[in-house]
Amino acid sequence: MTLEDKFDKLSMHDNREDREHVNTQILDKFSDKIKTDELSFSRGKTNKDKANRATVENVLDPRTMRFLQALMNRGIISDFNGCISTGKEANVYHAFAGSKQPNNHNELKNDDNSDVEKSNNSEEYPEKREEYAIKIYKTSILVFKDRERYVDGEFRFRNSRSQHNPRKMIKIWAEKEFRNLKRIYQAGVIPVPKPIEVKNNVLVMQFLNRGDGFASPRLRDYPYKDREEIYYYYYNMIADIRLLYQVCQLVHADLSEYNTLVHKDQLYVIDVSQSVQPEHPMSLDFLRMDIKNVNFYFEKMGIDIFSERLLFQFVISETLPNFQGDMRSLPDLMDYIKKNLIVKKTVEDEAEDEVFRSLYLVRNLNGLEERDFDRFTEGKFDLLKSLLAHDNEKNFSNSYDKNINEFDDDDGDDDGNSDDDLEEDSDEGTDEEEESGEDEYSDEEEKILKGKKYEDKDEKKQRKQEAKEAKREKRKTKVKKHIKKKLVKKTKSKK
Ligand SMILES: Nc1ncnc2c1ncn2[C@@H]1O[C@H](COP(=O)(O)OP(=O)(O)OP(=O)(O)O)[C@@H](O)[C@H]1O
Ligand SMILES: [Mg+2]
């Protein structure tokens with residue numbers, strides 16, 4: 001009997017006693033199919049509540065089983081197979097596609113990106129059934145404790161009332177990953193597994209297959225053929241970070257050799273649940289962390305790396321055209337990246353990166369607290385100023401006039417070209433939450449603005465102008481009071 005048959009045979013009643021029985025029955029049914037090393041589940045000792053929440057491998061509790069069953073009933077998945085990975089936050093399983101295409105299948109077709117589409121399709125294995133990776137977020141509470149900071153300050157998840165309920169938080173988390181995945185997939189500039197469906201803590205996506213039934217390797221496990229290939233993936237990664245930021249309007253926030261898979265000679269980005277939009281108050285900190293981690297790994301692999309500070313500028317610079325070449329071509333990548341970045345060589349370069357790592361990053365002057373202004377004027381933020389996206393253009397062209405000139409003839413018009421689509425995507429499903437808390441932040445904001453006494457007139461004028469614009473776009477930029485407090489507290493404790 002297949003697993004699907006087993007699911008079909010389970011009858012779900014509303015009767016409470018029956019449900020207790022059924023829940024236990026589900027666990028009994030599947031306990032032989034599932035490794036239970038992490039948790040020994042003893043039926044005799046559990047009361048009803050515990051049985052309802054009891055998990056196998058920390059993820060397969062009866063509720064999750066029901067969501068899986070729903071996906072099977074709807075024909076989205078068929079066989080639910082073994083575990084590909086058991087991680088801190090989620091387990092990933094393998095499944096075959098069911099008889100029906102999911103609702104969003106057509107929606108997710110991306111005609112503009114034949115390259116990505118081609119590599120996402122299993123054209124090389126047409127005889128095989130489509131395979132899915134099913135990521136199931138752990139319902140255990142502790143793991144999700146520190147996750148709020150990635151959702152806090154996210155415009156798309158603003159006003160979410162569920163942030164203190166761990167179960168609901170997990171649902172938000174899975175949805176966040178799904179939406180980020182969808183956004184990247186639709187933008188079509190970076191290969192990612194095709195998102196299929198999300199239901200509560202269960203996310204279904206395309207399974208990246210090595211070709212022999214095994215998952216494609218993580219970059220960490222990839223057996224590089226030669227040094228050139230290491231460079232190829234380093235440059236690929238750098239171009240990805242920039243495209244992710246500029247085109248998809250996202251910072252990965254956990255980018256590393258563990259969260260990238262090598263599939264059909266391309267770097268696929270995965271695990272985007274924690275990715276945030278550039279508007280997120282901590283997006284630049286996350287970006288800096290991503291760059292540091294990527295650099296750390298590739299330096300270990302023995303190749304020349306670029307300075308973290310320059311990479312950071314490279315990613316956020318609005319003056320450079322986005323990469324237009326073939327991601328699979330090392331010469332194209334080299335051409336693009338080497339023109340814009342300088343290899344890190346000297347002790348001074350390293351010292352500069354040290355300083356860079358310790359900087360307190362903000363997006364624009366409006367985001368500075370009063371005390372930051374003090375430090376700013378005392379000269380403690382001299383490097384910071386050059387890192388502000390606002391001033392980046394000047395800074396970049398000063399340092400690299402020569403390189404920039406080479407791009408002068410390019411139209412460079414590719415930045416944000418898919419913004420409209422993306423914005424639509426980012427707003428979806430949150431309408432009903434938009435009403436409340438409209439002016440919650442403005443008083444606070446006003447106080448901060450009045451407190452900045454140390455500027456000269458022009459600066460003040462410019463800041464006020466910016467503040468006006470910022471207010472106009474309040475709904476996009478608003479950070480709620482309680483979130484702001486938390487951030488300020490966090491910064492205080494860092495000092
Ligand atoms: N679409 C996919 N196709 C093939 N393998 C995948 C896919 N998605 C995830 N995996 C495998 O599952 C592993 C874990 O996935 P992911 O990084 O998304 O989860 P995670 O919760 O971050 O796990 P961890 O805590 O271990 O990082 C990946 O390293 C990869 O090996
Ligand atoms: Mg991961």
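The figures here come from the full heavy-atom set of this structure, side chains too, leaving out hydrogens, waters and symmetry mates. Numbering of ligands and ligand atoms starts at 1, following listing order.
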Check this for me - ligand 1, [X], N or O atoms closer than 3.5 angstrom, yes or no?
X      : result
Ala133 : no
Asn259 : yes
Thr86  : no

field: Protein contact to atom 11 (C) of ligand 1 [nearest heavy atom, distance to 0.1 Å]
entry: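 For atom 11 (C) of ligand 1, the nearest protein heavy atom comes out as Ile84 CG2, 4.1 Å.
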So which bit of [X] gets within less than 4.0 Å of ligand 1, heavy atoms only: side chain, backbone, both or neither?
X      : value
Leu208 : both
Lys88  : both
Gln206 : backbone
Leu261 : side chain

task: Closest by any non-hydrogen atom to atom 29 (O) of ligand 1: pick that one out of His94, Lys194, Arg218, Glu177.
output: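 Comparing heavy atoms across His94, Lys194, Arg218, Glu177, the nearest one to atom 29 (O) of ligand 1 lies in Arg218.
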task: For Pro193, counting its heavy atoms only, list the atoms of ligand 1 lying under 4.0 Å from any of them.
output: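 The atoms of ligand 1 under 4.0 Å from a heavy atom of Pro193 are 1 (N).
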Ring-face cation contact, Phe323 with Arg242, 6.0 Å cut, 45° max: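 Negative - Arg242 is either too far from the ring of Phe323 or too far off its axis.
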message: Would you say the ring centers of Phe298 and Tyr231 fall short of 6.0 Å from each other?
response: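 Not under 6.0 Å, so no.
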query: Centres of the Phe80 and Tyr93 rings: under 6.0 Å?
result: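 Centroid separation for Phe80 and Tyr93: below 6.0 Å.
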message: Please confirm whether Asn209 approaches ligand 1 to less than 4.0 Å, judged on its heavy atoms.
response: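 In this structure, Asn209 fails to qualify as a contact of ligand 1 - no heavy atom is under 4.0 Å.
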message: Counting backbone and side-chain atoms alike, is an N, O or S atom of Tyr258 positioned under 2.8 Å from the Mg ion (ligand 2)?
response: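 Here the distance criterion (N, O or S atom, under 2.8 Å) is not met by Tyr258, so no.
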query: Under the ring pair (Phe, Tyr, Trp, His ring centres under 6.0 Å) criterion, do Tyr233 and Tyr222 qualify, and how do the steps go?
result: CA-CA 11 Å; Tyr233 285 112; Tyr222 180 71; 5.5 Å; yes
message: For the Mg ion (ligand 2), give me the closest N/O/S atom belonging to Asp271, just the atom name.
response: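 In Asp271, the N, O or S atom with the shortest distance to the Mg ion (ligand 2) is OD2.
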